[in-house]
Amino acid sequence: SAPETRSMKALCWHGTGDVQIDNVPDPILEEPTDAIVRITSTAICGSDLHLFDGYQPTMEKGDVMGHEPMGIVVETGKAVTKLKKGDRVVVPFVIACGHCYFCRRHEYSMCDTSNPNAEIARKAMGQSPAGLLGFSHMLGGFAGGQAEYLRVPHADVGPIRIESSLPDEKVLFLSDIFPTGYMAAENCGIEEGDLVAVWGCGPVGQFAIRSAQMLGARHVVAIDRVPERMRMAESAGAETIDFSKDDVYDRLMVMTAGRGPDRCIDAVGCEAHGTGSVDAVIDKVKAAVHLTTDRAHVLREAIRCCRKGGTISIPGVYVGLLDNIPFGAAMNKGLTMRMGQTHVQRYMAPLLAMIEAGKIDPSFVVTHRAPLADAPELYKTFRDKKDGCVKVVLKP
Ligand code: NAD
Ligand code: ZN
């Protein structure tokens with residue numbers, strides 16, 4: 001007999017600035033390597049805002065969003081060997097097969113086989129990156145994890161089992177932002193004595209700051225304009241610059257005797273704000289009428305500020321063609337640039353070990369906890385940085 005089709009609640013994209021809770025069919029096993037997970041906690045990410053705000057192309061009405069989930073395995077495909085029903089798992093946002101050229105190099109976000117819509121991505125980018133959960137059709141069209149249930153492809157390669165009794169909030173961010181902040185700091189190639197400047201004190205910036213410290217930065221300077229986010233950075237020992245009050249370049253030059261920060265992290269990405277600077281105003285106008293895809297003020301500023309021979313690490317997401325990037329400055333100053341969607345699978349086990357050893361408690365970043373039904377309202381709260389919102393955890 002035909003299996004009964006059940007429905008669940010999920011947060012769906014309906015258009016720019018419009019997300020709603022819909023009833024959608026429960027996910028089912030589609031491949032023998034799939035698992036189905038009942039979601040217990042799921043977070044909203046700055047990357048979700050790029051979809052919400054209409055920066056990420058190839059979103060379709062009804063797409064289920066979300067890529068920072070964890071929960072309990074309720075079903076596994078025949079080929080799944082590492083997970084079984086009842087396991088408690090955190091699910092990475094990157095989907096990776098584990099056996100292609102890139103996965104064998106542990107470059108999971110470049111997996112060659114996990115994006116079923118690779119041809120669309122190839123036309124846009126030359127080659128396709130990995131499929132991502134809840135992240136547009138160009139990147140696979142996979143339903144996301146802001147839902148009661150999630151289909152997890154390649155279940156043996158992604159999810160990490162949580163054996164300890166650590167609460168969800170301490171391990172949930174292994175799905176994305178802790179590895180992302182950590183890889184951002186690792187990509188800097190920090191040397192002893194380095195000053196690291198981090199643009200953006202959102203969740204990714206917060207983990208980049210703490211990771212830079214763990215990887216040996218002498219001094220971390222964090223840039224934002226949202227007071228509670230700057231305070232959160234200061235509580236980790238970072239010095240802060242308010243870009244709405246001070247000239248970032250001038251302040252950084254004073255701090256470094258004119259040499260510039262050794263390592264710069266752009267944890268802002270394609271929706272950077274400027275305070276009246278000409279480039280940022282032009283970006284805003286062009287983005288509004290779709291003449292540019294990204295607002296790249298922070299990347300420009302980081303290139304200008306970085307010391308000669310320094311590194312720019314870019315966890316912030318960019319989407320398309322950026323205007324007015326001072327590439328001549330980057331070339332002549334001999335900068336190194338490293339970037340990418342995070343190779344989450346590479347970092348989950350070592351970072352879980354750090355959490356279990358009590359070296360870091362990632363739950364410091366959580367400011368809002370709510371049922372899934374409140375997600376549409378909380379997308380706005382998080383986007384507008386209202387009510388002290390830094391990170392939202394939803395409970396389906
Ligand atoms: P967020 O929107 O909460 O934080 C961005 C912060 O940047 C805000 O606090 C904002 O005030 C600040 N900001 C804006 N303009 C600025 C400027 N000119 N100078 C300094 N700060 C400025 O987002 P988040 O969750 O922290 O994510 C940050 C970025 O990281 C996003 O682009 C997101 O898409 C990206 N991301 C990338 C990966 C990856 O795998 N590479 C993973 C997760 C998130
Ligand atoms: Zn994310």
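In each ligand, atom 1 is the first atom listed, and ligand 1 is the first ligand listed.
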Compute the shortest N/O to N/O distance between [X] and ligand 1 and return yes if it is under 3.5 Å, no if not.
{"X": "Val268", "result": "yes"}
{"X": "Gly340", "result": "yes"}
{"X": "His50", "result": "yes"}
{"X": "Cys201", "result": "no"}
{"X": "Pro203", "result": "yes"}
{"X": "Gly46", "result": "yes"}
{"X": "Pro315", "result": "yes"}
{"X": "Glu301", "result": "no"}

Ligand 1 versus [X]: contacting region, heavy-atom distance under 4.0 Å:
{"X": "Val204", "answer": "both"}
{"X": "Ile223", "answer": "both"}
{"X": "Val226", "answer": "side chain"}
{"X": "Ala267", "answer": "backbone"}
{"X": "Met339", "answer": "neither"}
{"X": "Asp176", "answer": "side chain"}

Ion pair present between [X] and [Y], side-chain N to carboxylate O less than 4.0 angstrom?
{"X": "Lys82", "Y": "Asp156", "value": "no"}
{"X": "Lys385", "Y": "Glu228", "value": "no"}
{"X": "Arg151", "Y": "Asp34", "value": "yes"}
{"X": "Asp323", "Y": "Lys286", "value": "yes"}
{"X": "Asp242", "Y": "Arg251", "value": "no"}
{"X": "Lys391", "Y": "Glu68", "value": "yes"}
{"X": "Asp87", "Y": "Arg161", "value": "yes"}
{"X": "Glu169", "Y": "Arg369", "value": "yes"}

[atom] [closest protein heavy-atom partner, distance rounded to 0.1 Å]:
{"atom": "atom 15 (N) of ligand 1", "result": "His273 N, 3.0 Å"}
{"atom": "atom 38 (C) of ligand 1", "result": "Thr180 CG2, 3.5 Å"}
{"atom": "atom 11 (O) of ligand 1", "result": "Asp224 OD1, 2.7 Å"}
{"atom": "atom 33 (C) of ligand 1", "result": "Ser47 OG, 3.3 Å"}

Exercise for review: Please report the C-alpha distance between Val221 and Thr240 in whole Å, then the side-chain angles of each, then the deciding distance to 0.1 Å, and finally whether the side-chain contact (heavy atoms from CB on, under 4.5 Å) criterion is met.
Suggested key: CA-CA 5 Å; Val221 180; Thr240 53; over 6 Å; no
Check your understanding: So is Arg346 actually on top of Tyr108's ring, under 6.0 Å and inside 45° of the axis?
Key ->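 Arg346 over Tyr108 ring: no.
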Exercise for review: Is it possible for you to check whether Arg210 lies under 6.0 Å from the centre of the six-membered ring of Phe364, through NZ or CZ, and within 45° of that ring's axis?
Suggested key: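 Yes - Arg210 lies over the ring of Phe364, closer than 6.0 Å to its centre and within 45° of its axis.
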Counting from 1, what ligand 1 atoms have a heavy atom of [X] closer than 4.0 Å?
{"X": "His297", "result": "18 (N)"}
{"X": "Trp199", "result": "19 (N), 20 (C)"}
{"X": "Lys385", "result": "2 (O), 8 (C), 9 (O), 10 (C), 11 (O)"}
{"X": "Phe382", "result": "3 (O)"}
{"X": "Cys45", "result": "43 (C), 44 (C)"}
{"X": "Gly200", "result": "7 (O), 20 (C), 21 (N)"}
{"X": "Gly316", "result": "29 (C), 30 (O), 32 (O), 35 (C)"}

Review point. Under 3.5 Å, side chain of Trp13 to main-chain N/O of Leu51, donor-acceptor pair present?
Key: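 Yes: the side chain of Trp13 pairs with the backbone of Leu51.
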Practice item. Could you grab the distance from atom OG1 of Thr180 to atom CD1 of Ile177, nearest 0.5 Å is fine? Key: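 Going from the OG1 atom of Thr180 to the CD1 atom of Ile177 covers 8.0 Å.
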Exercise for review: Working to the nearest 0.5 Å, report the span between OH of Tyr347 and CZ of Phe178.
Suggested key: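 Rounded to the nearest 0.5 Å, the OH-CZ separation comes out at 11.5 Å.
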Check your understanding: Are Leu166 and Ile72 co-members of a hydrophobic cluster defined by side-chain heavy atoms under 4.5 Å apart?
Key ->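 Unlinked, Ile72 and Leu166 end up in two clusters.
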Exercise for review: Just give me the atom name: the N, O or S atom of His67 closest to the Zn ion (ligand 2).
Suggested key: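 That would be atom NE2.
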Does ligand 1 have any atom sitting under 4.0 Å from a heavy atom of [X]?
{"X": "Glu271", "value": "no"}
{"X": "Ala272", "value": "yes"}
{"X": "Tyr318", "value": "no"}
{"X": "Arg225", "value": "no"}

Practice item. Could you tell me whether the side chain of His343 reaches within less than 4.5 Å of the side chain of Pro179, counting heavy atoms only? Key: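 In short, these two side chains do not touch, never coming nearer than 4.5 Å.
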Exercise for review: Please calculate the SG(Cys45)-the Zn ion (ligand 2)-OD2(Asp176) angle and round it to 10 degrees.
Suggested key: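 Approximately 130° at the metal, rounded to tens of degrees.
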Practice item. For the pair His67 and Phe135, name the ring-plane relationship: parallel under 30°, tilted 30 to 60°, perpendicular over 60°. Key: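 Tilted.
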Review point. How about Asp48: does one of its N, O or S atoms come closer than 2.8 Å to the Zn ion (ligand 2)?
Key: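 Short answer: no, not a single N, O or S atom is under the cut-off.
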